[in-house]
Amino acid sequence: MSNIRVRFAPSPTGMLHLGGLRTALYDYIFAKQQGGKFILRIEDTDRNRYVEGAVENLVNSLQMMGIDFDEGPGKDGGFGPYFQSERLDIYHKYIEELLENGFAYKCFCTKEEIEKMREKAIAKKENPKYDGTCRNLTPEEVQAKIDAGMPYVVRLKIPENRMFTFYDKIRGKVEIDSSLIDDQILLKTDGYPTYHLAAVVDDHLMEISHVIRGEEWLSSTPKHIYLYEVFGWKAPTWVHLPLILNTDKSKLSKRHGDFSVEGFMGKGYLKEALVNFIALLGWHPSSDEEIFNLGKMIEKFSFKRVNKAGAIFDNTKLDWMNSWYLRNLDMEYIAEVSEPFFIKVVKDISDKDKYRNIIKIGRDYAQTLVELAEWAKPFYFDLEFTKEDKEILNNENSQAVFKHYLERFSEKDVWTLDELKDLVKKSPKELNIKGKNYYFPLRLVFFGKTSGPGVGEIIEILGIEESKKRLQKVLI
Ligand code: GLU
């Protein structure tokens, strides 16, 4: 049994976003590849940022993407609880240990005092970190303040003049000077630990072998390493994933739009495309291949091939990938996942043969399921024509084409697709009307657009009855 254990440790502050999905995906792929365990831990110690329903959204979104965790809420693997808010006693015990051994101290500075400190430091162009006012209080001074009922936090005593060196699997050797590191708050006035203390304690107790997370946590790593050191614990392997950037190289953030997994699913992206696209935000296989399902990712993935540089989020590429999956996944599956999108747009899809035929043809014409349902509208609703359309429809040639089709349809009611295709192919010669003059009016009268799928296929979906109706409507 492998001792590889990785965790995805989101804070329930909102919906699962693409950055989080990538971390979870790399965790999952790595764990599967190494025969290890993937753990979901909910980091909910920041009560101010807690969002109701966020945990459910995180769990559902992961499940929707096919990323199953081995241990986590509702799946105890002997290392629970997996909600940090249920582990407060554990953290308090370790805080006490740090205080007793002089690695942490109680700080009574008020918010206003801290703010002033920051302003002063910024004015002097210094690093705006805590100035250490409470670092050297005597035990008596501390007791007096507690007796006076002053609230306090517990801070980590970062040693001075020290270079923190660690190895990151993606970045190699990283060195950060202690002068850049704040005396991190470990325990807040509300009695809850901060992320830094809770994550280190849990990563240790949960026997996490690799901490895989976003680059934004790189600068916090020295604080974590120092905690491992003073507790006398072995630190995990660090893996900091590159930032995800917009095409203009700015950091992908909420301000740029909705980057939640649910948002993308709502826009009609397939989970297969989303997972494939996300996997390539930082990682590239040694070949030029771009299409990967989860199984293939597990086979090929390696941290050696994850870039340091920020990964550009290119929606055009996602669209391309989505249309690839739309065209190449099983037709029945596409029909199934398209249903909610169709129900929203066309309401009634009870004619399943018609619906399936639409999917079969339409998936070549759309990039997302939203587009697919929009594309299908002409098959469900009466057409509306513009002035330009009417010019085409009223044209003498067009009218001749329409009459010809009506005549042929009056001969019999049941047509196979082959017969329809034959009709479409042979009529130009019989009518002596070719090319645009023939195809534009036909597509327009049946489908509402001059371009689109084969006329025979369109008629098959509409049925002869409806096709006749559409022809009669435009006859003059
Ligand atoms: N709770 C942190 C977050 O929301 C996790 C960071 C980590 O993985 O260490 O991003």
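Keep in mind that what you see is a predicted model, and the values were worked out from it rather than measured. Start at 1 and go down the list; that is how both ligands and their atoms are numbered.
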*Residue Glu43 vicinity, atoms of ligand 1 by number, heavy atom under 4.0 Å*: 1 (N), 2 (C), 5 (C)
*asked:* Judged on heavy-atom distance to atom 10 (O) of ligand 1, which of Trp217, Tyr195, Phe8 sits nearest?
replied: Trp217
*What residue and heavy atom of the protein are closest to atom 5 (C) of ligand 1, and at what distance?*
Ala9 O, 3.1 Å
*Give the residue, atom name and distance (to 0.1 Å) of the protein heavy atom nearest atom 4 (O) of ligand 1.*
Ser11 OG, 3.2 Å
_If only side-chain N and O atoms count, and only distance matters, is there a donor-acceptor pair under 3.5 Å linking Asp70 with Tyr28?_
no
*May I ask you to check whether Phe301 and Phe30 place their ring centres under 6.0 Å from each other?*
no
*asked:* Using heavy atoms and a 4.0 Å limit, tell me yes or no: is Arg7 in contact with ligand 1?
replied: yes
*For Ala199, is the nearest heavy atom under 4.0 Å from an atom of ligand 1?*
no
*asked:* For Lys169, I'd like to know if atom NZ has over 12 heavy atoms of other residues, nucleotides or ligands within 6.0 Å.
replied: no
_In terms of relative ring orientation, are His240 and Trp238 parallel, tilted or perpendicular, with 30° and 60° separating the classes?_
parallel
*Is Lys267 close enough and on-axis enough to Phe264, meaning under 6.0 Å and within 45°, for cation-pi?*
yes
